[in-house]
Protein chains: 2
Amino acid sequence: MNRTRAWEILKAHGYKKTDKRELILSMFEETDKYLTARDLLEVLKKDYPGMSYDTIYRNLATFVELGILEETEFNGERNFRMHCEIDHHHHHFICMECGNVKEVSLCPIEKLEAMLPGYTIESHKFEIYGKCPQCNG
Amino acid sequence: MNRTRAWEILKAHGYKKTDKRELILSMFEETDKYLTARDLLEVLKKDYPGMSYDTIYRNLATFVELGILEETEFNGERNFRMHCEIDHHHHHFICMECGNVKEVSLCPIEKLEAMLPGYTIESHKFEIYGKCPQCNG
DNA sequence: TTCTAATTCATAATCATTACGATTTACATT
DNA sequence: AATGTAAATCGTAATGATTATGAATTAGAA
Ligand SMILES: [Mn+2]
Ligand SMILES: [Mn+2]
Ligand SMILES: [Zn+2]
Ligand SMILES: [Zn+2]
């Protein structure tokens, strides 16, 4: 996902183009790491000192709802990142040192479905945490 | 894990026997569901109206540290449950309707390790959410 | 029974997140 | 280009989970 595509989606749903949204999207575009609301505010405050958490959270919710961002939760905080381009189902290795993210295609959810008759699987979370090669030194 | 074993561990680490701990442990012993700090306080307030969140959280942290409880996070809250008896590595299907938990032995973490040379895997989370057979009707 | 460290209580602080009325702004329409 | 209006943002306060702290209580050893 990139900013251009994001704006197509936003427009298609009747959302207006604003500088704040543009800035938020550009922050996500230039990193593959997960960001928190706090991360965003910290940076946006430089350009917009009056920037409100309400604006951040409301837009994050919109972006997730429209599939522009993906969301997860670790270290007791909500984390967001640009939704992956990759079309096939996959998961992420997340470096707890630098935040870098690596795609992981292994997922046993289909096998699992067969092993749980009577159960309805609505969602699943498979996340791997550790240190990436750079941080391992 | 049961209360008796839990007390062995607590004693072995020099922790004292208190009524609050006994009650907390008994709550976990009699269900296989995940409980939040709020769930616990709600019940403990009946016997101990002055019961403090501090006591709950401090003991939960102790129990997790000693391997008596296991902890996870979903729906934006920390959730706790008695640590499983089962010795082999496994994960959980969690019913989002009734909270029931089912063991799931499928896990691709070892295969994954081989697929991520240079990476150090420190931990991983694999959780499946949905509806159990009873709640599906 | 006495002593002491562990535990709990009572309360406030902190942190992430949400809520809301007032104000401003994007953009469609004239 | 000016106008009207719904959308978006601001400013600020509320909420809810969690953590912190100092005083009071208590379990268990001596
Ligand atoms: Mn990805
Ligand atoms: Mn289990
Ligand atoms: Zn998967
Ligand atoms: Zn596993």
Side-chain angles (χ1 to χ4, degrees), chain A residues 3 6-27 34-66 68-69 71-81 99, chain B residues 3 6-27 34-66 68-81:
Chain A
R3 228 167 30 186
W7 278 118
E8 281 173 25
I9 297 169
L10 284 162
K11 283 289 171 184
H13 287 81
Y15 288 95
K16 296 180 176 175
K17 182 156 195 162
T18 70
D19 295 348
K20 323 294 155 87
R21 283 188 177 140
E22 185 69 1
L23 250 172
I24 292 173
L25 288 174
S26 75
M27 278 192 67
Y34 280 94
L35 302 175
T36 64
R38 202 158 25 82
D39 293 333
L40 294 166
L41 190 69
E42 214 164 274
V43 173
L44 297 186
K45 273 257 165 114
K46 288 173 192 164
D47 288 12
Y48 301 96
M51 191 80 186
S52 165
Y53 262 122
D54 182 76
T55 303
I56 303 271
Y57 278 111
R58 191 171 17 73
N59 281 314
L60 287 175
T62 302
F63 295 162
V64 169
E65 191 185 322
L66 298 179
I68 293 167
L69 297 182
E71 178 183 2
T72 188
E73 194 165 36
F74 53 80
N75 297 334
E77 266 181 294
R78 287 163 73 191
N79 282 260
F80 303 83
R81 93 189 270 277
Chain B
R3 228 167 28 185
W7 277 118
E8 280 172 23
I9 297 170
L10 285 163
K11 283 290 170 183
H13 287 80
Y15 288 95
K16 295 180 177 176
K17 182 156 196 163
T18 70
D19 294 349
K20 322 294 155 80
R21 285 192 175 135
E22 185 69 1
L23 248 171
I24 293 173
L25 288 173
S26 76
M27 277 191 69
Y34 280 94
L35 302 175
T36 64
R38 202 160 23 83
D39 292 334
L40 294 167
L41 190 68
E42 214 164 273
V43 173
L44 296 186
K45 273 259 166 111
K46 288 172 192 162
D47 288 12
Y48 300 96
M51 191 79 185
S52 164
Y53 261 122
D54 181 77
T55 303
I56 302 272
Y57 278 112
R58 190 169 20 72
N59 281 313
L60 287 174
T62 301
F63 294 163
V64 169
E65 193 185 321
L66 298 180
I68 293 166
L69 298 182
E70 52 186 89
E71 178 182 1
T72 189
E73 193 164 37
F74 52 81
N75 298 332
E77 264 179 296
R78 288 164 72 191
N79 282 259
F80 303 84
R81 96 190 266 279

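These values consider heavy atoms only, across backbone and side chains, with no hydrogens, waters or symmetry-generated copies. Chain letters run A, B, ... following the sequence lines, proteins first and then strands; every chain starts at 1.
Protein atom NZ of K17(A) is 18 Å distant from nucleotide atom P of dT25(C), rounded to whole Å. Rounded to an integer number of Å, the gap from CZ of R58(A) to P of dA6(D) is 17 Å. Nucleotide dT12(D) holds its C1' atom 16 Å from the OH atom of Y57(A), rounded to whole Å.
Place S52(B) and Y53(A) on DNA chain D by their nearest nucleotides, and Y53(A) ends up nearer the 5' end. In terms of position on DNA chain D, the residue among M51(A) and A37(B) whose nearest nucleotide sits closer to the 5' end is M51(A).
Taking the side chain as every heavy atom from C-beta outward, Y15(A) and I9(A) never approach each other to under 4.5 Å.
Across all strands shown, N59(A) has heavy atoms under 4.0 Å from sugar-phosphate atoms exclusively, and none from any base. Nucleic acid contact class of Y15(B) (heavy atoms, under 4.0 Å, all strands): sugar-phosphate only. The residue T18(A) sits close only to the backbone: its heavy atoms come under 4.0 Å of sugar-phosphate atoms, none of a base.
A side-chain donor-acceptor contact under 3.5 Å links R21(A) to the backbone of K16(A).
Closest to the K11(B) side chain, of the nucleotides dA19(C), dA26(C), dG28(D), is dG28(D).
No hydrogens or angles considered: a donor-acceptor pair under 3.5 Å links the side chains of D39(A) and T36(A).
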